[in-house]
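Each residue takes its place number in the sequence, starting with 1.
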Amino acid sequence: MDRPMEEEEEMKKKKTNPCSLVIGFDELTRSDASLVGGKNSSIGEMIVGLGSKGIAVPPGFATTARAYWKFVDSNGIREQAGTLIKQWQHGRASLVETGHAIRQLFLHGVWPPDLINAIGVAYRDLSSTIGTKEADVAVRSSATAEDLPDASFAGQQESFLNITGIDALMNACRRCYASLFTDRAISYRQSKGFDHLLVALSIGVQRMVRSDAGGSGVMFSIDTESGYDQIVLINASWGLGENIVQGTVDPDEYQIFKPLLKAAHLVPIIEKKQGGKKLKMVYGDAGIPTRNIPTSKAERAAFVLGDQEILHLSRWACVIEKHYGCPMDIEWAKDGLTGELFVVQARPETVHSRRDTGILQTYKIGKKGPLLTTGLSVGDAAVSGRLCMVDTARDPEHFSDGSILVTQTTDPDWVPLMKRAKAIITDHGGRTSHAAIVSRELGLPAVVGTGNATYILHTGQDVTVSCAEGDKGFIYEGISDISSETLDLAKVPSIDTDIMINLANPAAAYRWWRLPTDGIGLARMEFLVTNTIRIHPMALVHFDRLKDLEAKEKISELTSGYKDKPEYFVEKLAHGFAALCATVYPKPAIVRMSDFKTNEYAGLIGGTEFEPKEENPMLGFRGASRYYSPLYQEGFALECRAIKRLREEMGFTNAIPMIPFCRTVGEAAKVLKTMSDNGLKRGEHGLQVYVMCEIPSNVILAAEFANHFDGFSIGSNDLTQLTLGVDRDSGELADLFDEQDPAVRWMIAQVITTARRMGCRIGFCGQAPSDHPEFAKFLANAGIDSISVSPDSFASVKAYAAASEQERLSAITDESNML
């Protein structure tokens with residue numbers, strides 16, 4: 001726990017009175033969980049231990065376990081409930097009948113005078129502190145057995161928002177007590193082996209944050225799917241926070257890189273995804289505390305949080321995580337009247353904290369059927385099976401065990417049914433929705449927030465659910481071949497040759513954070529442009545002159561919310577590369593500038609008006625030649641703006657831009673000047689610039705190229721094509737295209753020798769080492785600095801390189817012994 005020594009000593013002296021009926025949050029710490037439950041003790045912990053560090057938590061108080069038992073025993077509930085439970089356990093009553101009967105005992109119970117007086121005094125004191133006669137409060141349940149390492153009771157008991165006045169408060173407290181015996185809570189305790197009459201309930205009464213006029217949400221100090229511990233994940237929606245937890249809205253999602261948050265001048269926001277946010281919960285009227293209303297078009301089109309608010313919450317998440325010493329699940333709220341941010345709850349994250357981080361399991365899907373729908377992936381597994389659509393949790397008999405559950409959304413009533421499922425698909429919800437949280441706890445793959453699953457899928461349909469391809473989940477038609485591999489990271493050998501990985505898809509990057517890589521050897525810009533941006537950069541720069549009306553309409557749709565259309569390209573590109581750079585930070589991430597061919601560029605939205613038609617695009621207007629050309633230099637300027645933002649504003653100085661297909665030394669000078677004109681000057685702010693070695697001229701004049709660049713990366717596909725004179729895409733000449741041809745090997749060995757002589761780093765980023773063990777050994781023997789391969793080949797290539805190093809070492813030893 002991160003407290004000053006004198007504060008620690010003071011806390012040790014403090015003894016919370018176990019006989020108290022009501023205790024202020026400012027008198028509680030997390031050691032009081034047996035007295036006021038995990039939720040309330042954690043609120044007290046933050047107020048007491050983190051208030052001095054700027055964490056704002058609304059004040060309030062908690063009723064104790066003693067208060068609960070006083071209410072229970074003064075109304076004779078203990079004996080009656082025990083009898084009802086035994087009747088159910090012996091099959092003489094149904095769960096529904098039992099739960100209803102016990103809840104009625106609570107709802108018709110009478111408050112003992114001293115208990116109602118204690119709650120009344122605490123409520124009046126809270127109101128006075130706030131400066132009002134009757135405070136608006138949130139009334140939440142906190143079971144004394146909740147949030148244990150192997151059992152999470154969160155969400156099973158009721159919470160009530162915007163409760164005003166002592167009568168309404170006491171009624172809400174009754175309903176909280178009764179919710180300890182909902183059908184789902186009884187069923188859960190039974191499955192976990194808890195004695196129903198030994199679990200007590202504390203009630204937290206906390207000043208309402210006016211998030212009905214602002215926004216609210218949930219944040220994790222860890223990536224919820226991969227367990228990547230350098231990320232803060234924030235979900236946000238308009239209004240009160242119940243809709244996010246219940247999964248009835250598709251929230252905004254923000255990802256923030258924790259190691260760079262300490263620098264006040266940086267904005268390390270890796271991702272900002274806008275959710276649909278079609279509903280918001282606000283204060284009600286006519287005796288109804290809250291109600292849902294549709295959001296406006298402006299609200300749906302806007303982010304709930306600004307960048308500085310995102311960073312502010314993220315820093316709080318880091319402080320809270322450090323204090324508790326584990327990843328945290330945190331609820332926050334923004335007061336729309338004052339603009340203030342608050343933390344209203346915090347609890348330890350329980351899924352990834354129990355995982356074995358030394359084991360990496362990956363899934364591969366072969367022979368995929370047609371794509372049916374997509375959503376957010378939960379987990380990293382893949383399964384095939386038969387769908388079963390269920391409209392309501394009250395219809396469990398309609399669900400076949402082992403099927404894939406499809407429904408609009410879930411809440412705690414669905415848990416018994418979810419346990420019987422193979423996977424889960426929902427229309428609504430984000431990564432912090434009920435469906436996502438429970439799926440993680442159950443170890444089930446889930447795809448949430450599809451928007452249309454219940455519309456396009458049907459019961460009895462065979463599908464494959466894939467959460468193994470990044471943060472997007474895919475539903476494919478039919479039964480696919482699914483294989484999995486397990487890698488024990490402790491057994492990966494240490495070697496002198498750097499083994500890096502090739503990454504292009506930011507959505508899949510976090511899957512590989514546990515690999516002990518030496519960085520990213522190749523991050524392709526083309527993937528980001530094609531899959532995320534989709535628009536030709538020149539069509540954004542010259543939007544007004546576009547003649548293609550259909551393209552203009554698509555561009556307007558994709559860039560809605562951006563006053564400056566080129567900013568869309570810059571922001572998306574910077575965020576995409578940031579996700580890749582973050583997974584290996586501070587190790588290098590080599591990001592290749594665009595290397596589309598003209599026919600590929602023309603395929604982007606609006607691209608046909610800016611690209612010449614070429615007979616042989618492979619050897620045409622591509623790579624470095626585009627960057628200083630009037631036909632594309634404005635597009636390249638956007639690429640440079642994105643890299644500059646990535647490095648200087650977001651803080652990812654490990655990003656190293658690399659120039660592809662640079663034909664001559666003179667062209668190298670032109671490109672570096674163009675980059676400098678756009679704010680990327682080699683050597684300034686530690687900027688290094690690499691070049692692809694993929695043209696024979698790069699090998700022949702390697703020493704001259706080394707005077708302009710800080711490193712080489714050998715691209716074996718183009719180098720093989722141009723060395724052997726074989727079109728790499730030609731089916732007729734496929735037998736001649738061989739990266740292991742002696743001529744190609746000579747070229748590679750030659751440029752490695754020259755680069756090392758010039759003191760210039762050189763790596764290899766082709767596929768050959770992944771496919772051919774002997775090629776990895778050849779590269780290691782030739783003295784390559786690094787080999788970059790696909791992530792799923794990492795372990796095998798590292799083993800090949802290790803074997804080569806061992807052979808060299810043995811040979812040297814033998815030679816030394818002979819001498």
Salt bridge flag under 4.0 Å for residues D471 and K273:
yes

Lys/Arg N to Asp/Glu carboxylate O, D401 vs R420, below 4.0 Å
yes

Carboxylate-amine/guanidinium contact R511 E225, below 4.0 Å
no

Modelled atom types, side-chain donor and acceptor of S179 and E158, under 3.5 Å
no

So, do F569 and I535 sit near enough that their side-chain heavy atoms are less than 4.5 Å apart?
no

Less than 4.5 Å apart, side chain to side chain, heavy atoms only: is that true for E340 and K334?
no

Taking the six-membered ring of Y283, is the NZ or CZ of R210 close enough (under 6.0 Å from the centre) and on axis enough (within 45°)?
yes

Is it true that D183 and R103 make a salt bridge, defined as a side-chain N closer than 4.0 Å to a carboxylate O?
yes

Close side-chain approach of D252 and N235, heavy atoms under 4.5 Å:
no

Which word best sums up how the rings of F181 and F106 line up, parallel for under 30°, tilted for 30 to 60°, or perpendicular for over 60°?
parallel

K277/E299 salt bridge by N-O under 4.0 Å criterion
no

Side-chain contact test, heavy atoms from C-beta onward, threshold under 4.5 Å: evaluate it for L240 versus M208 and give yes or no.
yes

Under 3.5 Å, is there a donor-acceptor pair linking the side chains of S42 and Y324?
yes

Say whether Y562 and E571, considering side chains only, have a donor N or O and an acceptor N or O under 3.5 Å apart.
yes

Any donor-acceptor pair under 3.5 Å linking the side-chain atoms of S483 with those of K364?
no

For residues S142 and S202, is any side-chain donor paired with an opposing acceptor at under 3.5 Å?
no

Just wondering, do L169 and V139 contact through their side chains at under 4.5 Å, heavy atoms?
yes

Given side chains that start at C-beta, do those of L233 and R431 come closer than 4.5 Å, heavy atoms only?
yes

For a quick check under 3.5 Å, do T224 and R440 share a side-chain donor-acceptor pair by atom type?
yes

For E97 and S94, does a side-chain donor sit closer than 3.5 Å to a side-chain acceptor?
yes

Checking H434 against T410: is there a side-chain donor and acceptor pair closer than 3.5 Å?
yes

Heavy atoms only: give me the nearest G470-S377 pair and the separation to one decimal.
O-OG, 2.6 Å

